[in-house]
Amino acid sequence: MACVYIPVQNSEEEVRVALDQLPRDASDILDILKAEQAPLDLWLIIAREYFKQGKLEQFRQILEEGSSPGQLLLAKGEVEQASAAFKIVLDGDRDNVPALLGQACVQFNRGRYSDSLELYKRALQVYPNCPAAVRLGIGLCRYKLGQYDKSRQAFQRALQANPENVEALVALAIMDLNTHEATGIRKGMEKMQRAFEIYPYCAMALNYLANHFFFTGQHFVVEQLTETALAVSNHGPTKSHSYYNLARSYHSKGDYEKAGLYYMASVKEVNKPREFVFPYYGLGQVQLKLGDLKSALANFEKVLEVYPDNSETLKLGQTEKAQEFMRKATKIDPRDAQAFLDLGELLISSDPVAALDSLKTARTLLKKGGEGIPIEVLNNLGVLHFERGEFELAQQTFREALGDGIWLAFIDGKENSPPVDACASVLRYKDMHLFQHLQKEGRVVDLPWSKVTALFNMARLLEQLHNTETASTLYCLILFKYPDYIDAYLRFAAIAKARNNLQLSIELVNDALKVNPKCPKALSMLGDLELKNDDWVKAKETLRAASEATEGKDSYDTLSLGNWNYFAAVRNEKRNPKLEATHLEKAKELYTKVLAQHSANLYAANGAGVVFAEKGHFDVSKDIFTQVQEAASGNIFVQTPDVWINLAHVYFAQGNFALAVKMYQNCLRKFFYNTDSQILLYLARTHYEAEQWQDCKKTLLRAIHLAPSNYALRFDAGVVMQKFSALTLQKEKRTADEVRLTVSELGNAVRVFKQLSASAASNLHFYGFDEKKIDTHVEYCKHLLEAARVHLKNAEHEEQKNRHKQEALRQMALAEEARRKAEEQRKFQLERRMREDELKQVRQQEEHFERIKEQWKSSTSSKRRDRSEIDDEEGGNSEKRRRKGGKRRKKDKHSRSRYETEDVEAEIMDDQEELEDENAKINYREPSGQINDQDDYAEENAHDPLAAAGLEDSDAEDEVAPESTASRRRRAWSESDDDEQLDRQPEPGEIRENYPDMPGSDGGKLDEEGAINDDE
Amino acid sequence: MKLAGLKSIENAHDESVWTATWVPATESRSALLLTGSLDETVKLWKPDDLILHHTNSGHCLGVVSVAAHPSGHFAASASLDSFVRVFDVDTNNTISTLEAPPSEVWQMCFDPKGTILAVAGGGSASVKLWDTATWTLVATLSIPRPEAPKPSDKNSSKKFVLSVAWSPDGKRVACGSMDGTISVFDVGRAKFLHHLEGHFMPVRTLAYSPTDPHLLFSASDDAHVHMYDAEGKTLIGAMSGHASWVLSLDVSPNGAAIATGSSDRTVRLWDIGMRAAVQTMTNHTDQVWGVTFGPAGGPGRLASVSDDKSISLYDYS
């Protein structure tokens, strides 16, 4: 007798069922079939047997139970047979519901969705109370046919009929997820979760959940979910998806071996690449990483078959060809938005301007077509605007990318952080209070993963616009939702660092290191912070660790180590020349190493320039600095004030003070809003060397105003006034006004020194001040003051004497003038008398002539007129002659007074000699104390590099030690660099904070957003 | 609220103008603007055309702070040489010269009744209170030093006091330090009450709201303006927007707005209700060291002074 064997699930055993002894009650056999998930042909055989035996009720029962799509799926291999069987039944009874359903399933699996839909519909008409499976089938068919709304309705109805229907839930969830909208995705994930709770072994739901957790970076959960999915499913495509998820997870963790294995498994489950192409792509990437180029190429080719325009694929190795191809594509069809998008993405790294253009075109085209613009495109556009300094446009674009959400409340300043305890406010920014508070109020605090990048970039932009408060809130929001987002920690730490909140900054970096203890960025930043905290040894270790974390590939850490060495070289208190040389050599080596790797690295070039300068090769260093400066201008993310300062230092060292001053001033204005008292100090030193005392003093006063607690600046101001006064008193020529000014300056100097001396006792020891030394200055200034008073008296006396003399001279001149005037008057009178006489004579002659004329009754008037003109002329000439005479007299007077002045000067000269003797005495006495202190001072001062000594040294040397100018300059130089290095040190940190973040967030992040993960 | 430029005087001083305040009107004359500069002079200006009323000289090393007595009759000016000169506004007679060595002199402020002059004492880590009747030192409000500072601690100068402010009820004095902390004192008992934290860079200016004796504003080098409840020890809010140090700050007489001046060369007007900048003035070309609202009762005025040697006057409405 014929038997069938029902295999027992997960074992080798079988249940034997004799066909002629089928039980009267079909439910017994149904239980077995269901429990063991028997293949469909067994169901059919048994159903057929019941049919043969005429037990129609049982036949119907088995087919009804056995024809759910799930069962059909399980029995995929026997589709044709099943179809034939259903056909037999349907030929007999057109409206046989179970057969209709079975056939519908068959058609669905054959891909004939409309046929399948017809069958389902008929089943529904015949039997309106049919199980949810029918609705589900309708929904799936409609989904496949692209009738999404109707399909959604069908699923929803299925769900109404049975709220626990996992398949319907999953289907709806997938539809929600595919909307690519924040709310949709959230709803979808909720449904998935519910499905998972109802029935934790639905492979499809597990896969989607895993997919979600992959994007949120929770790799452990991904692995758990996919492993479960693999265990419960033997459906090829589903398994393939699970393997792919697992592979991706390992891929992103950098475990290429495992990732490769799983990609391979995933690929094996795929019949045709067209069905599921992603694992091929992943496999290709991994093989590329592992060096198996041939296989990688084969896989990429498969990807290209499916996506002939996959630019990601083309990019590998043939970017340019791809660009060309895309350019052609855009030309062929100037309305193909996708082509423009791809072109834009290709161009981002090589040609930002062109990239911006093509992305803009793509955006316009998409808008025209009424299509939504993908977030990542808007994000890239925003970044491009940002990099070009078009902040307004960037902000608009990011806003568009972000759409509606809780962040708008923060960006628009509608939500402010609640008040916090001002005594505990150090950690204020780590406070997630705000969001919890908002959640309590019933606001949705949500942030879809797809928008995190755009939000992060928005925060970066706000930072650039100095709106750090809002930027902090946004970083906080990111961390609230995604506590593993390292970049947000680091930017956050950078903000705290800029506000000098080192404690918070270090804490944040440590949080970042908790997420990834080997994150080189975080380690570099920590090193930087430790340097700032003056924690040298720790800093070196941290920087080393950072360097190791990147296997020496990242130049930043090498650079930092170079700086560290340089720093150590010039910092050494004892100035051990051997040690200095080794450190310098090491620094140079490290800079050169970086330069060898990245010939365009500004910071390494700058460092090399500094080392050259340190060794005295000013010309070389000047060239380097100038080049660096030129290269640095034009990028908003590269700020290199230190190059300017270094250039200025070189000018200074070469004695080109005017240029140095200009350079310092420009640098102050361009980079520091004139707030850097250190550069003001350099400026003051330059003025000092250039002997521009008043400028020097004013500059120092400004510096004091900016940095009131820096007493070294006060000391310097005192020294300048002292120096200025001493020099004025030594001057050969000086007016009483000058001396008066000197006296008041000396008064100020005495006051400044006295105040310092008074403070020195209490709290100034750390500035390296020595009471005794300041007292020496006080004494010296007082002495000068006394001398100056004498000089003032002398000068005033002199002035008075001069005034007397001048008065006398004036009197004499007046007398002379009077005499001259009298003389002139006399002459004038004389002349007039003569002229009158002449006129009289003429008149007499005329009269005489008239008389004769009358007598002769004829005249020649013209002759007479000529004559009178000649007379006039003669008169003019004599006038001129007289004036000349006057002048000659004046000259005489002058020469006389000059002799007098010379006499006066001779007297002054005598005074001067005396005075110089006096000064010389002072000079010998005063510095003796100073020079001894000098060394102590330098030593104490070394750890506080605000080089009061810069001024002090040269002052002492000018007055005392005839040390060679060269060596003095060199010293001033190196000291200044000491300081400068302090400035410079955090500078590379700045690049770090600014630069890699942006490209990182536009390149790397993009990939994360796309379906394909590129871990390049 | 809005600012509208009224008048600007270029080269009002020969050097950077570092400080400004309004001298209230008296029976015989209207309010005057008092400015101090690195050029060692103090000048009095008549609004609204900013006509130079008088120039006082005699200071050495640059004038860092000026303060006017609420009566409008006398004022004080302080310079880097740490002398405070108290003078009669109308006659320019010196009333008194104050010094408390080795304490330097930074921001100064008369109490609302005019009986005490508070002077930020720099490195002495204290605020000196001077009686305005006798011109004698009546109290020194010292910031308590952290216990047992480490000998290697370079930061003992951190409590260097730069700024000072009186609460409108005259009961409290707040002072700001180089390290960013703000200390609040009970004047009646001459007692330190508590610190307000949040800044970690110098606090250059402090100002109480004239309408709320608890509300204190601070301007710091960290480019932020903080809003504290000085009694409840809470940081109510922080406002960012300046690109560099915030040097100066003043609260409008109605307490609804504050104005700030910054190294970024701008003057900003902030709405306290919105906690946001509503206007930015960019007429200065260098750091803005002083902003000051005209006295209550007069027309709404704001004056700003800058390193660019100029003075600007705005209408505030």
Side-chain angles (χ1 to χ4, degrees), chain A residues 413 416-426 428 465-472 496 498-504 534 669 672-675 697-698 701-702 704-711 714 717 744-745 747-748 751-752 754-764 766-767 943-944, chain B residues 15-16 18 38 60-62 64 80-82 101-102 104 106 122-125 153-154 156-158 160 162 178 180 182 194-202 220-224 228-229 232-245 262-265 274-276 286-287 289 307:
Chain A
N416 286 313
S417 37
V420 287
D421 189 346
C423 296
S425 54
V426 181
R428 173 176 122 79
L465 296 170
H466 309 293
N467 194 347
T468 38
E469 277 303 301
T470 314
S472 310
R499 294 191 64 183
N500 204 26
N501 192 345
L502 296 186
Q503 196 192 334
L504 175 61
D534 223 19
R669 202 171 172 78
F672 296 101
Y673 292 106
N674 288 343
T675 56
K697 183 182 130 193
K698 287 269 157 69
L701 290 180
R702 275 179 215 280
I704 295 172
H705 194 218
L706 288 169
S709 60
N710 186 346
Y711 287 95
R714 286 176 185 264
S744 81
E745 287 286 59
N748 285 337
R751 184 161 172 84
V752 165
K754 265 191 177 165
Q755 270 191 326
L756 281 176
S757 138
S759 316
S762 53
N763 59 351
L764 294 176
F766 47 84
Y767 275 111
H943 64 96
D944 173 36
Chain B
E15 282 287 346
S16 304
W18 278 349
L38 172 60
C60 295
L61 307 183
V64 290
L80 277 179
D81 62 4
S82 305
E104 304 98 79
W106 291 92
S124 67
D153 193 3
K154 288 202 288 184
S156 48
S157 75
K158 271 187 170 176
F160 191 103
L162 270 180
M178 281 299 280
I182 296 164
H194 50 254
H195 288 303
L196 300 173
E197 285 175 17
H199 291 299
F200 296 91
M201 288 168 92
S220 164
D221 286 3
D222 64 12
H224 282 61
Y228 291 98
D229 176 347
K233 294 193 277 181
T234 48
L235 174 60
I236 301 170
M239 295 181 275
S240 61
H242 276 301
S244 183
W245 301 0
S262 160
S263 291
D264 69 9
R265 299 158 205 162
M274 288 161 56
R275 287 193 215 166
D286 209 336
Q287 317 190 52
W289 280 105
D307 256 353

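Chain letters run A, B, ... following the sequence lines, proteins first and then strands; every chain starts at 1. We use all heavy atoms of the structure for the numbers below, so side chains are in, but hydrogens, waters and symmetry mates are not.
The residue among B/Asp286, B/Asp229, B/Asp307, B/Ile182 with the most heavy atom pairs within less than 4.5 Å of chain A is B/Asp286. Most heavy-atom pairs under 4.5 Å with chain A, from the set B/Ala125, B/Ser82, B/Pro202, B/Gly62: that is B/Ser82.
Heavy atoms closer than 4.5 Å to chain B are found in the side chain of A/Asn748, but not in its backbone. Residue A/Arg714 touches chain B through its side chain alone, counting heavy-atom pairs closer than 4.5 Å. For B/Ala243, the parts lying under 4.5 angstrom from a heavy atom of chain A are both the backbone and the side chain.
The aromatic rings of A/His705 and B/Trp289 are tilted relative to each other, their planes meeting at an angle between 30° and 60°.
Distance CZ/A/Phe672 to OG/B/Ser263: 12.5 Å, rounded to 0.5 Å. To the nearest 0.5 Å, atoms CZ (A/Arg499) and OG (B/Ser220) are separated by 7.0 Å. Going from atom CZ of A/Arg702 over to atom CD of B/Glu15 covers 5.0 Å, rounded to the nearest 0.5 Å.
When all heavy atoms of B/Phe160 and A/Ser709 are compared, the closest pair comes out as CD1-CB, 3.3 Å. The two atoms that bring B/Ser240 and A/Thr468 nearest to each other are OG-N, 3.1 Å, heavy atoms only.
Remark: side-chain polar atoms of A/Asn500 are paired, donor with acceptor, to backbone N or O of B/Phe200 under 3.5 angstrom.
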Criterion side chain to side chain contact (heavy atoms under 4.5 Å, CB included) on B/Arg265 and A/Tyr673, from CA distance to verdict: CA-CA 8 Å; B/Arg265 299 158 205 162; A/Tyr673 292 106; 4.0 Å; yes
B/Leu61/A/Lys697 under side chain to side chain contact (heavy atoms under 4.5 Å, CB included): CA gap, chis, key distance, verdict: CA-CA 9 Å; B/Leu61 307 183; A/Lys697 183 182 130 193; 3.9 Å; yes
Stepwise side chain to side chain contact (heavy atoms under 4.5 Å, CB included) check, A/Leu706 with B/Gln287: CA-CA 11 Å; A/Leu706 288 169; B/Gln287 317 190 52; 4.0 Å; yes
